[in-house]
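One structure is given below, encoded as structure tokens.
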Amino acid sequence: MPLVPMRILLDHAAENDYGVGAFNVNNMEQIQAIMIAAKETDSPVIVQASRGARSYSDDNYLRHLMIAASELNPNIPIAMHQDHGNSPATCISAVEMGFTSVMMDGSLEEDGKTPASWDYNVRVTQEVVKFAHARGVTVEAELGCLGGIEDGQGAGLSEEEAQNHLTDPTEAGDFVEQTNCDALAVAIGTSHGAYKFKKKPTGKVLRMDVIAEIHRRMPNCHMVMHGSSSVPKELIDIINQYGGEMPETYGVPISDIQEGIKHGVRKINVDTDNRLAITGAIRKVLSLEPGAFDPRDYLKPARLAMSKVVAARMVSFGQAGNAGKVEMKSLEEMKSYYLASV
Ligand code: G3H
Ligand code: 13P
Ligand code: ZN
């Protein structure tokens, strides 16, 4: 089956009270790991690529790997999503490259660092929605800013500063109405990367109440949680056991994500946990077998380690068992749907 519009996965998740993990990829092994996990758990799939990933893979490698994934897994609906598009041009090029969903992250200016004004965010998001919906492609937008930084994208806010840039539930309805985005990324105190919280997060720093309030005001809004890696201690321990040096750190507990899913979270972004799994597995092989030099000797365990993390997330988020249940709609059908709804 061809790559599907992300919107149909989010709609099915909302109708059936579950969330869908969106996993970042840069190469073949990561795409394979996600597909192994999806097959094992019968899950619909969102694969996402950052600007950095697109440049690392020269775009075209990624495109053909995604086509391979869908050809090899004809019964699994797969959406291909641009993560953190920094400008309409980035999103347009993604659509032209065959992505079936894009994120216009207008919460930051085009430099990907400076928190943007409301007017700028609305303007660029509207521009992308117009272009993408005319082609049946889904659009995710963001209101409020996350902490941290990745891919040169991120205001670099500390855990404390991020609290001043949370999504304001009183503004969210207006933003979604003005932009007509399909999904809204919300800032609730998380950040990208491994160092989110210095201790196990409480409701004071991980503001799940913001999600509950947005859901109360807008029960039909599909929310997206970024920075949602759980940073399991077991994965950090493996890295450190085999020569790594990662300090103690805490991520987003799975139980909080599950609470979010009860309140309208439909897409959960996970990259760091998979990076940790891959790095730990590679370190382990190279440390136990210092003579190893065939990349397959460490890439196979790395792929397996990532697939285990992804499968566990698919089960925890509730998407497992749903691959065959999603009602298919093509980009053409979504195009007509958007046309009819304006
Ligand atoms: O956006 C968050 C992901 O972790 C992507 O990271 O920009 O380093 O590829 P990246
Ligand atoms: P993590 O760094 O927590 O995995 O977040 C990834 C993300 O939000 C990608 O957009
Ligand atoms: Zn993100």
Side-chain angles (χ1 to χ4, degrees), residues 3-7 9-10 19-27 30-31 33-34 45-59 61-63 65-66 69 78-113 116 121 124-125 128-129 132 137-155 181-187 190-194 196 222-229 252 265-275 306 310 313 317:
L3 298 173
V4 303
M6 187 172 80
R7 175 67 188 261
L9 303 187
L10 304 186
V20 187
F23 305 102
N24 288 76
V25 298
N26 300 271
N27 60 25
Q30 289 178 306
I31 294 174
I34 296 169
V45 167
I46 301 174
V47 170
Q48 58 187 10
S50 66
R51 273 190 300 147
R54 287 180 58 192
S55 120
Y56 176 79
S57 66
D58 274 344
D59 255 351
Y61 284 108
L62 206 54
R63 184 162 74 90
L65 287 168
M66 289 308 301
I78 310 171
M80 178 67 189
H81 176 75
Q82 163 78 61
D83 193 21
H84 292 285
N86 66 319
S87 65
T90 297
C91 295
I92 288 168
S93 72
V95 174
E96 286 166 347
M97 227 348 109
F99 285 60
T100 55
S101 178
V102 292
M103 175 186 192
M104 177 61 242
D105 183 355
S107 71
L108 300 173
E109 289 181 8
E110 190 166 344
D111 66 3
K113 292 179 177 50
N121 196 353
V124 290
T125 306
V128 171
V129 166
V137 170
T138 311
V139 180
E140 173 185 335
E142 177 162 333
L143 189 61
C145 297
L146 265 72
I149 191 158
E150 89 284 350
D151 189 25
Q153 177 87 7
C181 60
D182 299 277
L184 183 68
V186 291
T190 67
S191 57
H192 293 112
K196 301 181 194 304
H222 299 322
M223 273 180 275
V224 182
M225 273 175 74
H226 282 247
S228 290
S229 276
V252 181
V265 170
R266 301 296 160 225
K267 174 172 179 274
I268 304 106
N269 284 15
V270 175
D271 185 0
T272 297
D273 285 352
N274 293 326
R275 293 177 170 188
M306 173 166 162
V310 173
R313 297 293 175 275
F317 301 161

Below 4.5 Å, heavy atoms only, C-beta onward: do [X] and [Y] meet side chain to side chain?
X    : Y    : answer
V186 : V224 : no
I46  : L10  : yes
V20  : R266 : no
M306 : Q30  : yes

side-chain contact (heavy atoms from CB on, under 4.5 Å) between N86 and R51, intermediate numbers included:
CA-CA 8 Å; N86 66 319; R51 273 190 300 147; 3.2 Å; yes
Rounded to the nearest 0.5 Å, how far apart are [atom1] of [X] and [atom2] of [Y]?
X    : Y    : atom1 : atom2 : result
Q82  : F99  : CD    : CZ    : 5.5 Å
S50  : H81  : OG    : NE2   : 11.0 Å
L143 : S107 : CG    : OG    : 8.0 Å

[X]: which residues meet the side chain to side chain contact (heavy atoms under 4.5 Å, CB included) condition with it, sequence neighbours left out?
X    : answer
S93  : R54
T138 : P5, M6, R7, S101, D182, Y338
C91  : V102, M104, V128

Please give me the minimum heavy-atom distance between [X] and [Y], naming the atom from each residue.
X    : Y    : result
I268 : S228 : CG2-CB, 3.4 Å
K196 : S191 : NZ-O, 2.6 Å
I34  : F23  : CD1-CB, 3.5 Å
N26  : Y56  : O-CD2, 3.4 Å
G106 : A116 : O-CB, 3.3 Å
A132 : V139 : CB-CG2, 3.5 Å

Determine, stepwise, if the pair I31 / N27 fulfils side-chain contact (heavy atoms from CB on, under 4.5 Å).
CA-CA 7 Å; I31 294 174; N27 60 25; over 6 Å; no
Using a strict cut-off of less than 4.0 Å between a Lys/Arg side-chain nitrogen and an Asp/Glu carboxylate oxygen, indicate whether D59 and R63 qualify as a salt bridge.
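Between R63 and D59 there is no salt bridge, as every charged N stays at least 4.0 Å from the carboxylate O atoms.
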Side-chain donor/acceptor of N269 to backbone N/O of G227, under 3.5 Å:
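Side chain of N269 to backbone of G227, a donor-acceptor pair under 3.5 Å: no, none is there.
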Between the side chain of N121 and the main-chain N/O of E142, is any donor-acceptor distance below 3.5 Å?
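It does hold such a pair.
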Let's go through E140 and H222 carefully: what are the C-alpha distance in whole Å and the side-chain angles of both, what is the deciding distance for side-chain contact (heavy atoms from CB on, under 4.5 Å) to 0.1 Å, and is it a yes or a no?
CA-CA 9 Å; E140 173 185 335; H222 299 322; over 6 Å; no
Please list, chain by chain and in numerical order, all residues satisfying side-chain hydrogen bond (donor to acceptor under 3.5 Å, both in side chains) with [X], sequence neighbours excluded.
X    : result
S87  : T90
N24  : Q48, D83
T100 : none
T190 : none

Which residues share a salt bridge (Lys or Arg N to Asp or Glu O under 4.0 Å) with R313, sequence neighbours left out:
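In terms of salt bridge (Lys or Arg N to Asp or Glu O under 4.0 Å), with neighbours along the sequence ignored, R313 is linked to D273.
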Does the pair V47 and M66 meet the rule for a side-chain contact (heavy atoms from CB on, under 4.5 Å), with working shown?
CA-CA 9 Å; V47 170; M66 289 308 301; 3.7 Å; yes
